[in-house]
Amino acid sequence: MNDKLSISYHTAKRILLELLENNDFSTDEDILKILGSVVQKESDNETNNDKEEMSRIVIDKNGRIFLPDYTSMEVKMPYLPKTVFLFFLIHKEGIEFKSMYNYMHELYEIYQIVALEKNTEASKIRRSLDNLVEPVNNRIYETCSIIRRCLANVVPEALIKMYCVTGKRGGKHWIGIDSSLIEIENIKLKEIFDQRHNH
């Protein structure tokens, strides 16, 4: 028994590979059982990885973002990216970036909710949003990149696309996560969300 414990992993692996290469174990039931269970475990792991669970997105009463099925930590974002993220969560039908100026009032409302410091100047918010929806600059694309970076700290790589603002340049953009996984506890945000989804 002690001899077995003193063999290093690499030595054991080399011996095992040599044994498997140079011997026919296809009729040995004990070995086939062990190999079968190892293969089954690998197969189960791959299946589980393929079906990584989607987490709910919870927006709490203070407008903070949580993905509670991944972590109990808040997913922090600067105000503007957070505003854009919530805006696209609400607009599941998708919106063209060039049409976002039509939603300035809604964007302003969302920004006020996420900017917990209520003393944020109205003119400062307006400037920030005007800059965001201006078609000739790339501010919206930069903002979406920040959203992705913030989410990537929490969301598995295989699923990140479902949580980010995606779409083709010039076309509609949206967030792919199913509405059933979105829980909004903030009353004002919930009102905006419900208005959009009851139409």
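As the structure is a computational prediction, the values presented were derived from the model and not from experiment.
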Could you measure the distance from the CD1 atom of I125 to the CG atom of L80? Nearest 0.5 Å is fine. 10.5 Å
Over 12 non-hydrogen atoms of neighbours within 6.0 angstrom of OH in Y101: no
Is D178 reaching over with its side chain to a backbone N or O of S180, donor-acceptor style, under 3.5 angstrom? yes
Without swapping roles, check the side chain of K82 against the backbone of G63 for a donor-acceptor pair under 3.5 Å. yes
Quick one: pull up CD in E183 and CZ in F193 and give me the separation to the nearest 0.5 Å. 10.5 Å
Do any N or O atoms from the side chain of K98 and from the backbone of G171 form a donor-acceptor pair under 3.5 angstrom? no
Non-hydrogen atoms of V114 and Y79 that approach each other most closely: O-CE2, 3.4 Å
Which distance, rounded to the nearest 0.5 Å, do you find between the CD1 of I90 and the OG of S179? 11.0 Å
Report yes or no: is the cationic atom of R139 (NZ for Lys, CZ for Arg) closer than 6.0 Å to the six-membered ring centre of F97, at no more than 45° off its axis? no
Do I110 and F66 sit in one hydrophobic cluster, given that two such residues count as connected whenever their side-chain heavy atoms are within less than 4.5 Å of each other, even indirectly? no
Does P68 offer a backbone N or O that forms a donor-acceptor pair with the side chain of S72 under 3.5 Å? no
Flag if over 12 foreign heavy atoms under 6.0 Å of CD, E93: yes
Nearest heavy atoms of K168 and H173, plus distance in Å: O-CE1, 3.2 Å
Please check this pair: side chain of H91 against backbone of L89, looking for a donor-acceptor N/O pair closer than 3.5 Å. no
So CE of M100 and CZ of F88: to nearest 0.5 Å the spacing works out to 4.5 Å
Closest non-hydrogen atom pair between P156 and Y70, with its separation: CD-CZ, 3.5 Å
May I ask you to decide if L189's main-chain N or O and N186's side chain share a donor-acceptor pair within less than 3.5 Å? yes
Of all heavy-atom pairs between S55 and D69, which one has the smallest distance, and what is that distance? OG-N, 3.1 Å
State the OH-CG distance between Y108 and L129, to the nearest 0.5 angstrom. 9.0 Å
Atom pair CD1/CD1 of I175 and I182 - distance to nearest 0.5 Å: 7.5 Å
